[in-house]
Every structure is written in structure tokens, then in C-alpha cells.
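Step one of this worksheet: look at the structure below.
The first residue in the sequence is number 1, and the count goes up from there. Model, not experiment: these values are computed from the prediction.
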Amino acid sequence: MNDAVARALREFNDRLDVFDPAPGPAVAEVRVGEQVIALRAPVVRALTEALLRYQDPRDRGTCDHCGSPRLDDNFVCADCARPSGVFGQLLAERASRYEPPAELT
């Protein structure tokens, strides 16, 4: 895993180096296991921007009821177990109108 992370950082560094005709000195170093990757200012800026813009695909916002950030794929809160958002409201409304078939009662 460390090798993959270090390789990804080096490749990111290399991709940005081609756009900087006068490379400056390294302003930061990232240690991945025993490997040290030196990063110049343009790379640090780009990496910072990439990290700030990253949106985890599991992030579905916060629960409308308790504020927890732990909504599942169906927008049901893992903490208060209530459906959240417009989709959650739709589910709750449909569930409240559900009448089981006679053979199940």
C-alpha cells in the first residue's frame, strides 16, 4: 500500500512538473513509510486544492433530525434510524399509508 501511495504522489508531482519551466526548490516533504517525496510550491498548492475539493462518495449530507453525518444508501440515519431528506420524507409518507394484504394480518 505504501508503494502505491508513494507512486501516486510521484506521478502527481511529475504531471505538474511539465507545466513549470523553472522548477523551484521543494517546500514540503511527504513521508510514506520509508520513502520521502519532495514537493515544490505548485504541487503543494495543487495537492491542497485537490484535498479541499475531494468529496467522499459515501457522504450523503447530514440527518435532518439529529445532524449525524452517517446516512446510508437509502438516506436512513445510522444514529437515529430515521429517513432523511426529500427521499426520506417520501419513504416515510409511503410507509405511513401502507396497508398489508389481508392474508398477512
Side-chain angles (χ1 to χ4, degrees):
M1 173 119 147
N2 284 349
D3 289 338
V5 172
R7 182 174 45 257
L9 277 170
R10 278 196 199 87
E11 289 174 3
F12 184 74
N13 217 1
D14 293 344
R15 282 195 313 268
L16 292 175
D17 269 345
V18 300
F19 299 110
D20 193 4
V27 297
E29 292 181 346
V30 176
R31 180 178 297 278
V32 181
E34 296 298 317
Q35 302 176 56
V36 177
I37 297 99
L39 306 175
R40 296 177 305 96
V43 176
V44 170
R45 280 192 298 276
L47 184 57
T48 300
E49 183 176 331
L51 292 171
L52 291 172
R53 289 179 184 243
Y54 176 76
Q55 178 75 35
D56 192 305
R58 299 170 295 174
D59 184 353
R60 294 169 191 88
T62 56
C63 176
D64 293 337
H65 308 287
C66 72
S68 169
R70 298 181 340 122
L71 299 176
D72 68 12
D73 289 339
N74 296 311
F75 297 94
V76 175
C77 180
D79 293 323
C80 72
R82 294 173 67 182
S84 187
V86 174
F87 183 67
Q89 181 180 350
L90 177 67
L91 289 176
E93 288 172 5
R94 295 226 177 191
S96 71
R97 292 190 305 248
Y98 175 75
E99 293 184 27
E103 61 268 9
L104 295 179
T105 55

Heavy-atom pair of closest approach, residues Leu71 and Cys77: CD2-CA, 3.7 Å
Check: Ala38 main-chain N/O paired with Asn13 side-chain donor or acceptor under 3.5 Å: yes
Asp64 to Ser84 - nearest heavy-atom pair and separation: N-OG, 2.9 Å
Spacing of CG belonging to Leu90 relative to CZ belonging to Phe75, to within rounding of 0.5 Å: 12.5 Å
Common cluster, Leu51/Phe12, ILVMFWY with side-chain heavy-atom separation under 4.5 Å: yes
Minimum-distance pair of heavy atoms, taken over all atoms of Val44 and Ala28: CG2-CB, 3.9 Å
Expected output: side-chain Asn74 to main-chain Val76 donor-acceptor under 3.5 Å: no
Salt bridge (Lys or Arg N to Asp or Glu O under 4.0 Å) evaluation trace for Arg60 with Asp73: CA-CA 8 Å; Arg60 294 169 191 88; Asp73 289 339; 2.2 Å; yes
Other ILVMFWY residues reachable from Val18 by side-chain steps of under 4.5 Å: Phe19
Shared hydrophobic cluster, Val27 / Ile37 (ILVMFWY, side-chain heavy atoms < 4.5 Å): yes
Non-hydrogen side-chain atoms of Val30 and Val5 separated by less than 4.5 Å: no
Qualifying side chain to side chain donor-acceptor pair (under 3.5 Å) pairs with a residue from residues 16-37, counting only residues at least two apart or across chains: Asp3-Gln35, Arg10-Gln35, Asp17-Arg40, Asp20-Arg40
Pairwise side-chain contact, Arg45 with Glu49, heavy-atom cut-off 4.5 Å (strictly under): no
Taking every non-hydrogen atom, the tightest pair across Gly33 and Asn2: CA-ND2, 3.7 Å
